[in-house]
Amino acid sequence: MFKELNVFKIAYSMATHAGKRQALVAQNIANADTPGYNAKDIKPFKEVYAQRARPGDMIASRANHLNGGSGADLNWAVTEQRGGSDPNDNSVSLEAEILKGVEVKRQHDRALAIYKSSMKVLRASLGKN
């Protein structure tokens, strides 16, 4: 009955995305003084989730079906910001990375809040407050 609830999948995907993006932010900050380093990022979760398959669309039921991939797969491709304005051709802006870090923390907190409230609703529906 409650085998695969979509809200838990979304919360999991959002938290995973936040973790991957936070790792890239930390990597960018660590390489802020590395000559020729290009800042890396992934698309915001909203954009990634909007590109996934919609209900009613054909999705793969196994690896080799419909050119592989399933509807649950999200494309979190890492992109690089080329051409830094720094004298050593580094494209990392510490101010921008700090702002991204704050955005990522909010996203992770939102994912946890969704998960917790969904668990409360599920427990209430089962009569186990």
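Remember, it's a predicted structure, so these values are computed and weren't measured experimentally. Along the sequence shown, residues carry numbers from 1.
Using a 4.5 Å cut-off on side-chain heavy atoms (C-beta onward), V102 and K105 make no contact. Counting only heavy atoms from C-beta outward, the side chains of L5 and L122 approach each other to under 4.5 Å. Annotation: side chain of I29 is in contact with side chain of L94 (closest heavy-atom distance under 4.5 Å). In this structure, the side chains of M119 and F8 come closer than 4.5 Å at one or more pairs of heavy atoms. Between I114 and M14, the closest side-chain pair of non-hydrogen atoms falls below 4.5 Å. Under the 4.5 Å side-chain criterion, counting only non-hydrogen atoms from C-beta, K20 is not in contact with L24.
A salt bridge links E97 with K100; the closest basic N to acidic carboxylate O contact falls under 4.0 Å.
With T79 contributing its side chain and I42 its backbone, the two residues share no donor-acceptor pair below 3.5 Å. With hydrogens and angles ignored, the 3.5 Å screen pairs no side-chain donor or acceptor of N90 with any backbone N or O of G36. Not a single donor-acceptor pair under 3.5 Å links the side chain of S118 to the backbone N or O of V7.
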Please evaluate residues Y37 and N28 with respect to the criterion side-chain hydrogen bond (donor to acceptor under 3.5 Å, both in side chains), reporting the C-alpha separation (whole Å), side-chain torsions for both, the decisive distance (0.1 Å), and the verdict.
CA-CA 8 Å; Y37 181 80; N28 290 342; 3.0 Å; yes
Give the intermediate values and the outcome of side-chain hydrogen bond (donor to acceptor under 3.5 Å, both in side chains) for residues H17 and Q107.
CA-CA 9 Å; H17 179 271; Q107 177 183 335; 2.9 Å; yes
Going through the checks in order, is the side chain to side chain contact (heavy atoms under 4.5 Å, CB included) test met by S13 and F45?
CA-CA 9 Å; S13 295; F45 183 76; 3.8 Å; yes
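For A15 against A111, the heavy-atom pair with the smallest separation is N-CB, 3.7 Å. When every heavy atom of S91 is checked against every heavy atom of A39, the shortest pair comes out as OG-N, 2.7 Å.
Summarising the geometry, atom OG1 belonging to T16 is positioned 13.5 Å from atom NZ belonging to K9; distances are rounded to the nearest 0.5 Å.
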